[in-house]
Each structure stands twice: as structure tokens, then as C-alpha cells.
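Numbers restart at 1 for each chain; the letters A, B, ... are given by sequence-line order, proteins then strands.
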Amino acid sequence: MRETPLSNCEREFIRKALGERKRLDGRQAYDYRTLKIAFGYDRGCCRVDLGQTRVLAQVSCEITSPKQQRPSDGVLFVNVELSPMASPVFEVGRMSDQGVEINRILERCLKESRCVDTESLCIIAGEKVWQIRVDVHVMNHDGNLIDCSSIAAITALAHFRRPDVTVDGTDVIVHTIEEKDPLPLSVHHMPICVSFSFYEQGKFLLVDPSDKEEKVMDGKMVIGMNKHREICSLQVTGQMLLLKDQVLRCSNIAVVKVTEITEWIQKALENDRQARSNGERFGFREAVVMDTVTTNQMNPEKLK
Amino acid sequence: MVDHAGHVYLPGELICNLKESEKTSKILVGPGLRQDEESIIVTKCGLLRFKEPNFYWIDSHLKRYVAVKGDPIIGIVAAKAGDVFRLDIGSSDLATLSYLAFEGATKRNRPDVKVGDIVYAKCMVANKDMEPELVCIDSNGRSGGLGVIGRDGGFMFQTSLNLIRKLLSSDCILLKTLGNGMHYECAIGMNGRVWVKAKSVSHTIALCNAISAAEYMSNEQIKAMCKKLTNALAGF
Amino acid sequence: MAGVNLLSDQGYRIDGRKPNELRRIQCKLGVFKQADGSAYIEQGNTKVLATVYGPHEIRGSRAKLLLDRVLVNCQYSMATFSTGERKRRPRGDRKSQEMTMHLKQTFDAAIMTNLYPRSQIDIFVEVLQSDGGNYCASVNAATLALIDAGIPMKDFVCACSASFVNDNPIADINYLEESSGGPELIVATLPKSDQIVFLEQNSRLHEDNLSKVIDLAVKSCKDVYTVLDQTVRDHVSELSNSHGWDH
């Protein structure tokens with residue numbers, strides 16, 4: 001579908017506003033939008049809101065045969081769907097360039113950084129292993145899909161519980177939830193992607209760009225980092241020429257942001273765990289706020 | 001006779017006992033209502049509104065615009081094709097705007113319009129079978145504020161059509177109250193787009209957010225918000 | 001792969017190189033007659049061919065036409081015999097699509113795009129043998145091919161990879177070092193101004209070591225540049241001799 005073109009007036013205004021270090025929604029240059037995490041009834045289902053951007057992640061597992069090169073490792077598969085409900089630009093079917101980019105960044109950030117211990121997913125070496133599949137669906141696109149998807153994916157992985165198995169010779173018995181408690185995945189660390197967008201040929205940068213800011217940017221850098229200050233993935237895209245100290249500056253900022261977000265995720269996971277163990281109601285139904293008008297409602301803006 | 005105005009109706013409901021005009025004993029039905037033989041059926045969900053002497057319509061929540069003749073519209077130039085500009089107005093089709101429909105334009109003297117410019121125009125031809133056509137002059141050949149806007153700053157944003165109608169109605173005090181506090185100019189398009197320009201960037205941003213936030217506010221809340229705004233901006 | 005010692009005690013790598021030593025680079029320009037520009041590069045055991053067509057009229061969808069710049073169209077393809085196991089899909093899978101996009105972005109930044117509005121430049125890269133550093137060799141080959149085609153660029157684009165093993169940064173990693181799971185940093189720069197055009201990093205690397213590894217990678221790009229520069233000068237002087245131009 002055709003997207004409404006960005007007019008010259010909007011483009012110049014956003015650039016001018018950024019020149020005066022002002023953003024359209026009143027944030028500072030390094031501020032994230034409000035982050036909300038909600039869990040579903042099933043284990044491994046998680047919804048993340050970053051401002052108006054909304055992403056849903058679901059983790060599922062099944063037993064398959066392992067890859068030939070790694071007979072004793074489980075398989076982790078990440079898939080990001082840019083659903084047409086998120087934006088009129090996305091189309092069903094063949095994945096667009098943007099879809100490939102998000103998929104590859106998430107794959108690199110999650111798989112190649114070994115955040116989930118794949119050796120513990122092995123049941124019978126060479127024959128049966130667990131395949132963990134993370135499906136991320138983008139529901140509303142208002143900028144910065146990468147960060148939102150990475151937060152959703154890693155939170156869902158931490159939330160997920162897989163069924164317990166016992167191996168009896170060559171027989172594999174998969175226990176249901178009633179027989180034995182399901183086990184969590186062993187998540188070594190939580191890599192989170194932080195996106196920076198650059199303007200004025202790299203002189204000015206923003207964290208967590210919104211949709212309009214993304215359209216005006218010169219280039220983008222995505223840093224995937226965990227709270228131990230290890231960089232899990234780094235990628236610079238866009239037609240921009242950077243200097244080394246800009247890269248280092250961004251990685252310093254990313255450290256701060258990742259620590260904040262990881263704390264937030266841990267808190268949300270903890271709340272959900274308590275709700276489940278206390279027998280309180282949990283799930284998406286509780287996350288939907290009643291008695292308020294939900295479309296077109298803006299929170300009162302701070303004017304700075 | 002039951003006064004229906006101001007009640008919420010859902011699609012499919014029948015309305016009867018509407019007030020007829022004394023002179024012609026006819027009832028005019030507007031958007032959201034349809035005549036089906038002898039009865040009037042509601043087709044959209046919303047509030048029923050009434051205007052003297054005999055005009056009824058449904059006020060519903062809309063985001064997408066359908067071109068209507070005579071509406072002032074803000075369009076973005078998407079392409080130039082031969083003798084016409086093609087503008088995006090947020091409707092189902094691109095609208096056309098001829099080169100000659102500007103003030104002082106002749107075949108030799110073409111208007112200076114580039115792809116990506118914003119144009120404030122009036123809709124001349126709009127029916128469901130054709131592309132809408134826009135013009136930037138009125139019947140006397142004067143522009144009257146129509147034409148390319150936004151060359152020298154300002155910001156354009158998109159809202160729902162309800163907010164536009166609310167802003168333009170006589171009992172909404174938002175624009176006047178904002179004008180008491182600061183100097184600004186604005187252009188409101190019936191397709192949901194509003195262009196605002198104030199003294200500085202921060203004023204403009206504050207203005208945009210204020211207008212968008214006023215959608216569900218009552219008049220008192222609007223007054224309170226404007227006061228807060230002008231106090232905060234007085235420091236700039 | 002546990003047990004493989006990437007860096008021996010004396011400081012030598014598996015293939016006998018020192019940590020900051022590059023693999024042997026051999027390259028040749030103008031290998032094809034049909035293409036406007038072409039080049040072949042061998043970096044160690046990685047062999048890559050690149051061809052350039054353009055600037056020419058936009059083919060395919062006119063919707064992609066850019067009114068003020070040239071459209072850079074890249075295609076990255078790996079031959080089915082290029083890897084140890086036969087590769088099923090030479091192009092179109094996710095990794096190749098990603099490589100294509102990265103190449104396109106890199107050269108969008110380096111070519112003087114505003115000189116040829118409403119036209120298209122095609123860059124086709126074919127990997128004949130893959131032994132690590134695919135992206136780097138592709139970028140180097142494509143740079144040479146663009147120079148051969150005479151398309152104006154801001155500077156050479158040179159790419160090199162680097163990694164970090166046993167507290168030592170190492171340059172230009174091959175397939176064995178790549179797959180052992182250590183961090184891998186790929187950098188493409190404009191050598192004269194040291195500006196980074198493309199930067200990508202996989203696997204875990206601690207933030208404190210980032211600066212050292214980037215430094216080594218950028219320096220290695222300069223080394224690659226000297227080799228490419230020499231090749232281009234030799235090629236041009238050969239051509240001018242045969243044409244009888246005065247120096």
C-alpha cells in the first residue's frame with residue numbers, strides 16, 4: 001500500500017527542532033519512551049509497548065533432530081513478522097528489506113551471542129533435541145522496531161517454561177504440566193538492542209527514534225549489549241560516515257540504557273511470578289485498562 | 001415527539017418521528033443515515049445530531065477522509081505528471097491539482113511547486129467514481145489564503161476528523177484561548193491535517209501537542225490546559 | 001570447537017600468521033570484456049569476483065527511480081561450490097539478502113550518487129571460494145570494479161575483519177577463526193580519512209576491548225588499501241603504456 005509521503009515542511013521542521021535539541025514528544029536526546037511489559041496466560045507469551053510501538057512475542061518448543069554439525073546442541077530459531085496491521089507499508093508475503101534487517105539483527109543478537117544455553121536442550125545426542133522457536137509479531141509500528149522486538153524476544157525467552165523429559169534408554173517421555181513442573185530455559189545473559197539514529201552527518205544522535213524521526217535520519221546504529229557490558233552485536237547502517245569516537249560514545253550510552261531496561265524486565269518478570277504463585281489473576285486481560293478511551297488518547301505532555 | 005438528538009445509535013437501528021421542516025415537510029438526512037423506503041436507517045455508529053430546520057446526521061469517529069465538494073484540504077504533493085500535480089490527501093485516491101488553478105498562473109508562468117510541498121486547496125470535484133480535483137483559487141480568481149504553505153517553517157500533523165470538526169465548531173474555545181496566550185497561525189484541512197506555525201520551535205511543538213490532546217477534553221479542561229501552557233511558555 | 005588453539009604461545013596463529021598480519025592479497029582489474037568494470041580478488045583462500053554495470057537506465061520497476069541520486073543495485077551470490085558442503089541456495093536466503101543490503105549501503109555512501117540522477121548502477125558479486133572474510137573481500141573487489149568502470153567515488157572503500165583472542169586483537173580472520181565462536185568485527189572504511197562506512201560485530205566482545213579491536217581493524221584497512229592502490233596504479237600504467245599516453 002502506498003505510504004503517506006513525508007512533506008518537505010515536516011522534514012525541515014524536524015531537522016530544525018533537532019538542531020535546537022528538541023524532540024517532538026518532549027523527550028531528551030537519550031530518553032526512551034515509556035516501556036510497558038505484559039505477559040500472557042501461557043508461558044512464553046509477552047507483549048511489549050515502547051511508546052506507541054507494540055510487539056508481541058511467543059516462544060514455543062518441539063522435539064526435532066539436531067543439525068549435523070552440532071549433534072549435541074539444541075536449535076534456537078527466531079522469526080520476526082512485520083504484520084500488515086502494523087503499518088500500511090508492510091505487505092504480506094515476501095519479506096521486505098527492513099524485515100530481513102530486523103530478522104538478521106535479532107538472530108545475531110540472540111543466537112550468535114549464545115544467550116540461551118543450547119547444550120542443555122539436548123535430549124539424546126545426535127537424535128533428539130529441543131527446537132525453541134521465538135515468533136515476534138509487530139502489531140503497531142511507531143518507530144524503533146528493533147529495540148522493541150529484542151526486548152520482547154528476550155523477555156519471552158526468560159518467561160518460557162519447557163516440558164520436563166526423562167530418557168529411558170532410547171525412549172523419551174515428555175511430561176505434561178500436571179505430572180512434572182516445566183523447566184525454565186537456561187538464559188545466560190540478556191542481550192538488548194539499543195538503536196541510535198544520526199542526524200547532521202553524525203553530529204547529533206538520538207536514542208529510540210520515533211517513526212517520523214526515523215524517516216528523517218541520516219543513518220542508524222544498533223548496539224546489542226547485555227548488562228555485563230559485553231557487546232553482543234553492533235551494526236551501522238545508512239549512508240553515513242562515522243568516526244571511531246562516535247562509536248565508542250554510543251556504546252557508553254548503551255551501557256546505561258541496557259542496565260535500566262534489564263532492571264525493568266527483571267521487575268516485570270518478578271511481578272508476574274508473584275502473581276502466578278499467589279493465585280492472583282494474570283494474563284493479558286489484566287493488562288488491558290478498562291474505563292478509559294484508548295484510541296487517540298495522549299498522556300498530558302510535559303512541555304520541556 | 002421524542003428528541004433523538006444527542007443519543008448514541010448503532011448501525012442498523014431505525015429512527016422514526018423525526019422533526020419535519022414546516023415549509024417543505026421534508027427531512028434532510030446527512031452522513032451516517034440512509035433512507036430505506038419509508039424509514040430512516042442508521043449506517044454508522046455515533047451520536048445523532050440535529051440542526052435547524054430539518055437536518056439530521058450522525059457524528060462518528062473517523063480517521064480516513066472521503067473527499068467532499070467544497071472542503072478545504074491540506075495535501076502533500078506526491079508527483080508531477082504533465083499538466084497536473086498529484087496530491088496525497090489521505091483519501092482512497094490521489095487528487096489532481098492543475099497548474100493553472102493557482103492565482104496568477106498562466107501557461108507561461110508556472111507556479112513554483114515541488115514534490116513534497118504542502119498545499120492548502122479546496123475540493124472542486126468529488127464523487128465516488130472519479131479522482132478528486134482540487135483548486136487553489138476561488139471563483140474570482142483570488143487565492144484567499146490557498147496555495148503552497150509551509151515554505152517558511154511550521155509543522156503539519158495528522159489527527160482524526162472528529163477533532164477537526166470540533167476545532168472548527170463555534171462552541172470550541174481552544175483556538176481562541178491559545179491565541180490569547182501566544183501568536184501563531186494555523187491552517188486546518190478537513191482531511192484531518194493541521195498545519196501550525198508559532199514563533200519558535202518549542203512553541204510549535206507545544207501547540208501541536210496541545211491540539212492533539214484536546215480531542216476528548218471539555219471546555220473547562222481546555223481552558224486549564226491553555227493556561228498551563230502559556231505559563232510554561234512565558235519563560236521562553 | 002574446543003581444543004583448537006587459535007593463538008599459540010609464541011604468538012602465531014593457525015596458518016602461521018602474526019596477530020596483526022593480513023592474508024596474502026592478489027587482485028586483478030578488468031577481467032571481463034562485457035562488463036563496464038570488473039575485478040577479481042583473492043584474500044588468502046577467499047576468492048571473489050565483482051562486476052559493475054552502469055550508470056545505465058533504470059531497469060525493472062520505475063517506482064524505485066530516485067529523482068536526485070543514482071540507484072545502487074547490488075547482488076551478492078555465493079557459488080554452490082564455494083563452501084565445504086554444497087550450498088543449496090546461492091542467493092535469496094536471509095544471509096545473502098543481508099549481505100546484499102550491507103553492500104548497497106556501503107557503496108551508497110561511497111559513490112558520488114548525485115552525479116547521475118534517475119539512473120542505476122549494478123554491482124554483482126560472486127564468491128567462488130569462501131574461507132572467511134566474505135564481506136571484506138566483496139567490498140574490496142567491488143571497489144576495484146567500480147574504479148575499473150570509472151565511476152567517481154569519494155575514496156577507495158577498504159574492508160577488513162578483526163577478532164579478539166586471548167587478550168590479543170587479531171586481524172583478517174579466516175573461516176576457522178570465525179567459526180570458533182569468538183567475536184568478529186567487520187569494518188569498511190575510507191582509508192584516507194579513516195571514516196567508517198560500515199561496522200558490524202558478531203558474538204560477544206567486552207566493551208573495554210572495543211576500542212583496541214576497532215583500531216586494529218581500521219589500520220588493517222589501510223594496509224589493504226596500500227595493496228589495492230598499488231594494483232590500480234600498475235593496471236593504469238600498463239593501460240597508458242599500451243595507449244601511448246604521455247606520463
Side-chain angles (χ1 to χ4, degrees), chain A residues 2 68-70 78-80 94-109 111-115 188-189 191 201-202 218-248 250-252 254-255 258, chain C residues 1 63 69 72 74 84-85 92-102 104-111 113 154-155 157 164 178-179 181-190 193-219:
Chain A
R2 193 202 308 269
Q68 280 184 339
Q69 298 113 329
R70 295 181 193 271
V78 181
N79 185 35
V80 177
R94 205 176 149 271
M95 203 172 270
S96 65
D97 277 348
Q98 192 182 12
V100 172
E101 190 188 343
I102 300 182
N103 260 298
R104 279 297 300 158
I105 291 181
L106 270 183
E107 250 183 57
R108 285 218 304 271
C109 193
K111 279 168 74 167
E112 292 176 27
S113 70
R114 310 281 169 95
C115 68
H188 291 311
H189 61 102
Q201 280 307 309
D218 285 338
K220 184 163 72 166
M221 170 149 69
V222 179
I223 300 187
M225 206 188 261
N226 62 24
K227 67 171 191 220
H228 305 296
R229 294 178 62 218
E230 287 171 334
I231 301 180
C232 304
S233 76
L234 204 164
Q235 185 166 312
V236 172
T237 54
Q239 298 125 22
M240 204 187 25
L241 304 170
L242 274 187
L243 292 171
K244 187 188 118 183
D245 30 316
Q246 284 167 320
V247 176
L248 291 175
C250 290
S251 69
N252 288 336
V255 174
V258 166
Chain C
M1 291 186 216
R69 303 202 308 265
V72 176
C74 287
E85 278 177 21
D93 61 328
R94 275 191 205 167
K95 283 209 174 127
S96 310
Q97 272 190 305
E98 194 198 14
M99 282 285 202
T100 311
M101 263 171 23
H102 289 162
K104 175 174 155 47
Q105 275 157 9
T106 312
F107 286 106
D108 248 335
I111 299 179
T113 50
K154 297 188 179 115
D155 192 356
V157 185
F164 195 76
E178 236 176 62
S179 51
E184 178 195 347
L185 184 89
I186 302 178
V187 158
T189 62
L190 304 182
S193 50
D194 270 349
Q195 283 175 308
I196 300 176
V197 182
F198 177 77
L199 181 67
E200 183 189 312
Q201 194 244 312
N202 299 327
S203 226
R204 285 191 278 179
L205 175 68
H206 199 274
E207 197 213 346
D208 297 334
N209 304 322
L210 183 65
S211 176
K212 278 190 279 184
V213 181
I214 296 185
D215 274 338
L216 179 62
V218 170
K219 186 180 154 305

Rounded to the nearest 0.5 Å, what separation is found between the [atom1] atom of [X] and the [atom2] atom of [Y]?
X        : Y        : atom1 : atom2 : value
C/His206 : A/Met225 : NE2   : CE    : 9.0 Å
C/His102 : A/Glu101 : NE2   : CD    : 6.5 Å
A/Arg104 : C/Met101 : CZ    : CE    : 10.0 Å
C/Ile196 : A/Gln246 : CD1   : CD    : 8.5 Å
A/Gln235 : C/Gln201 : CD    : CD    : 11.0 Å
C/Lys104 : A/Thr237 : NZ    : OG1   : 12.5 Å

[X] side chain near [Y] side chain, heavy-atom distance below 4.5 Å:
X        : Y        : answer
A/Lys244 : C/Val218 : no
A/Glu107 : C/Glu98  : no
A/His189 : C/Arg204 : yes
C/Glu184 : A/Glu112 : no
A/Leu241 : C/Val197 : yes

Return the option, out of C/Thr106, C/Asp208, C/Thr189, with the maximum number of heavy-atom pairs under 4.5 Å with chain A.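 Looking at each option in turn, the highest pair count goes to C/Asp208.
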Which residues in residues 209-216 of chain C have any heavy atom closer than 4.5 Å to a heavy atom of chain A?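 Residues of residues 209-216 of chain C touching chain A at under 4.5 Å: C/Leu210, C/Ser211, C/Ile214, C/Asp215.
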Interface moiety of [X] toward chain C, non-hydrogen atoms closer than 4.5 Å:
X        : answer
A/Val255 : side chain
A/Arg229 : both
A/Asn252 : both
A/His228 : backbone

Is the count of non-hydrogen atoms from other residues, nucleotides or ligands lying under 6.0 Å from A/Lys227 atom NZ greater than 12?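 No, because the 6.0 Å sphere around NZ of A/Lys227 holds 12 heavy atoms or fewer from other groups.
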For a quick test of reading the model, state the closest non-hydrogen atom pair linking C/Glu207 to A/Ser251 and the distance between them.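 The answer is OE2-OG, 3.3 Å.
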Do you know which of A/Asp97, A/Ile231, A/Leu242, A/Val236 has the most heavy-atom pairs under 4.5 Å to chain C?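 Answer, by heavy-atom pair count under 4.5 Å with chain C: A/Ile231.
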Heavy-atom proximity to chain A below 4.5 Å, by part of C/Ile186: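 Neither; nothing under 4.5 Å.
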Under a 4.5 Å heavy-atom cut-off, does chain A meet the side chain of C/Asp194, its backbone, both or neither?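 The backbone, not the side chain.
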